[in-house]
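Chain naming here is simple, since letters A, B, ... match the order of the sequence lines and numbering starts at 1 in each. These values consider heavy atoms only, across backbone and side chains, with no hydrogens, waters or symmetry-generated copies.
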Amino acid sequence: MKRLTFLPALAGLVFILYIVLPVVSIFLNINWSRFGTTVRLPVVLQALQLSGLTTLVATAVTILLGTPLAYFLARRSFPGREVLDTLLDLPLVLPPAVAGVALLMAFGRRGLMGSLLAGWGISLPFTTVAVILAQVFVGAPFFLKTARNGFAAVDTSLEAISLTLGKTPRQTFFRVTLPLAFPALFNGAIMTWARALGEFGATIMFAGNMPGITQTLPLAIYMAMDSNLEAALVMAALMVLVSFAVLLAVKKVAPGGDGHPFP
Amino acid sequence: MKLRRASILIASTLIAALALAGCRQAGAGQPQLDQNRGQQPEGQLVVFAAASLTDAFGEIGRAFEESHPGVTVKFNFGGSQQLRTQIEQGMSADIFASADQKYMQELVDKGLMEQPRDFTANTLTIIVPKNNPAGIQSAADLANKGKLVLAAPDVPIGKYSRRALENLAALYGPDFPKQVEKRVVSQETNVRQVVAKVALGEADAGIVYVTDISSSYRDKLATIPFPPEANVRATYPIAVVKGSKQAGLARELVNLILSPEGQKILAKYGFLPVKEGS
Amino acid sequence: MTAILSLNVHKTRGDFYLQVALTMGEEVLVILGPSGAGKSTILNMIAGLVTPDGGSIICRDKVFFRQERGQKRVNLPPYRRGTGYCLQHPGLFPHLDVSHNITYGAPAGLDPGERRARLQELLALLRLQGLEHRRPRELSGGQQQRVALARALFSRPQLLLLDEPFAALDNLIRARLRYDLLNVRRSLRVPMILVTHDLEEAYMLGDRIAVMDNGRLLQIGSREEVFYHPADRRVARFVGFRNIWTGRVLAADREGDTLRVAGEKFQAQLPYAPLEPGRQVVFGIRPEDVMLIRPGRILGRPVRENVFQVEVTAIVPEVHTCRVFLRLAQSTAYDIEMLLPRHVYQREKITPGDRIMVSLKKEALHLLPG
């Protein structure tokens, strides 16, 4: 009988090692005495700044535009809703390269939308805006999906009761629906942010690679691999730390998913 | 109990698979090359080559396979600086063909290479989209028209492009390189990405090897030659990787590349001949 | 009676057609009917959550809804109607504590002192003191329903709408809550519409009762009218007339205040009605109005009529009462259902097969139109 519990335990241990080992290796290979100087390299600082800025903007844009849509999808049924739902989920499964090509075809200078914008003298590729567009494209579905489920889980009779208590639909949304769906929205926003932070393929294809303008952390790490491994490791370590801290914080702050958002 | 046994079986299979994979992928990295380790057949050569060689080496590889039945040649094309890093990190290769002397020299200095030989040369050209939206007519226009994409400074073509711009300073004034650099909107990871960005019309101009416009984007591009006195001549070194299990076969392939037959194929794609040792 | 609400609406949904017209004053109106009758739809229309296809809803001179030929269309949104609404499911806001749930509907400019005073008043009225800071999850079902009631009452609604608010609660708590509701009615004087399918609840709380079935109003009237003079056979069945028979008028005697009717198995005397002899009629009696006549008792006049000898076929004990099924001679099934108070049943020790005497009290026998 002992073997029966031993083997699964071993399997679990192997799996944990498999995840932990590469992450730890990053930290073991860093020359900590030079850490301070490496972090202050322009290429590192610029990438940190740019990633911080673009991911925050991308997440904010997603929340602003995505929240009404998620609410709409959760509350209304209309012909073709399934199709629309699926379309909006699509970036979840598309390889980043497909996202990059798609964005170029749409917002590139000769793209559907891009050629229109070009008429007004606006060109998106190779700009920080393009970085944000790429991040929103690949990250937004996470928010939309969780927010939609969060809104759908709010009992509509609570909203109806709020209306009969003299609150307008707007007041009802902000005082009942939003607070009740908040844990889901928060989780969705964090997932979108994390996905935006890691975005690489669509960015390098659509926004290019320019330090300070479009070179986000993942791109900087990729480029530094060939020229300055030290810097690549330091940036990788920073990403690991930030991601870990955020994921842990989310678990502590918003228990969400367990069905009791208000203990 | 039956279920339990089945799950143990699955678990142990998984562990075994993981352990095996762990041994085989010690170097990690490019998955398409993983199969080459351990089960490399007698007649398989792995060639790491600069991205600019993609089309020419493809044809040479087919010629080599025809004259050596049972032998297959696998290529890993990329930026020379990436290939250098991969070889350094222990990925298995039999031959390395670099677009840049520097990266070859670094590997030679580390004792990873046999004696390199220059096998071909390349020069640079300016490319613009066929309809030339920014109206770039000459190298001088790079300082004041349109959006430019170059390869990153660590990529050989990126380095050569900047050297060519420095050379142009003699013609257009000392500020010329700086002015051009201001118009750069992206630093691509290899020369093929530069070609793609210009061919798609996202950028107005780029600097690439003359050989690169022979790709599938040819009909979407127009070229503007550099003034001959400013152009850069890049010589490509090639060498067999030390400790190659196929060293004999590898040397045969290098000889084919250096032979008139190989040089003819390279010339077809726009490469220039070199005198050995130049 | 000043009209608090006057309603005349119709709506089609699939093959269900609802058409109802009613008015109500300062009172508790109970809408009684089986599930699916359209009772809740009426409440939703008044609250503004469901839009009628046409008609009008007017509450104290305020037009809630109007869609009639030649009139400008009005459809006031729910939040401007000022009705309080309680559902079977209390629907408390889970993210707010008890006092914030109750004060949720407070109008923007409400004076804080007034706000506190009203809150305290409602907490006291609905026995919620000490629970102010509890979350809904920490309350029992009855407590939750009382909070919901307090919340609906906080903004002094024009009209309180109650949709089976006690249906999900167990009997004891339900009884307490009915009592609470009577208290609320007495101290706040708010008119109410209560939807229920519970006869006892309807009788206890309703000043007037409207009986609905299949989208139509069958009868509206005082509880005595509805319970003892049902408008037709369907209402009679619904309000608990278990004994309904058809017969033919034999004679109508105005002086003696009798209407003699020949049923299929017996003759009976009813209170006078101006009907031609030979006319086909439907008449009935509530089981609690069937009297057991103890052997040897001298019969008073009102009981003397309509006395029958019957055989007990079955006895079904209930909590406070006992249901006895009786058969006239030469019948196969039972003919009369009688409801005896528990103590009477215990005293008389009736068993199936016994032959007993019963009287169908004349005043309790009702002619049912149609």
Part of A:M205 lying under 4.5 Å from any heavy atom of chain B
backbone
Within a reach of under 6.0 Å around NZ of B:K220, are more than 12 heavy atoms found that belong to other residues, nucleotides or ligands?
no
So if I take each residue of residues 108-134 of chain A and look for any heavy atom under 4.5 Å from a heavy atom in chain B, which residues do I end up with?
A:G108, A:R109, A:R110, A:S123, A:P125, A:F126
Tell me, side chain or backbone of B:S186 under 4.5 Å from chain A's heavy atoms, or both, or neither?
both
Interatomic distance, CD@B:Q89 vs CG@A:L229, rounded to 0.5 Å, equals 6.5 Å
How about residues 207-224 of chain A versus chain B: which residues have heavy atoms under 4.5 Å apart?
A:G208, A:N209, A:M210, A:P211, A:Y222, A:M223
How long is the span from the CE atom in A:M225 to the CG atom in B:D154, to the nearest 0.5 Å?
12.5 Å
Count the heavy atoms of every other residue, nucleotide or ligand shown that sit under 6.0 Å from CZ of A:F244, and state whether that count exceeds 12.
no
Closest non-hydrogen atom pair between B:E188 and A:I204, with its separation
OE1-O, 4.4 Å
Under 4.5 Å heavy-atom distance to chain A, tell me which part of B:A196 shows up: side chain, backbone, both or neither.
neither
The interface call for B:V184 against chain A, heavy-atom contacts under 4.5 Å, is both
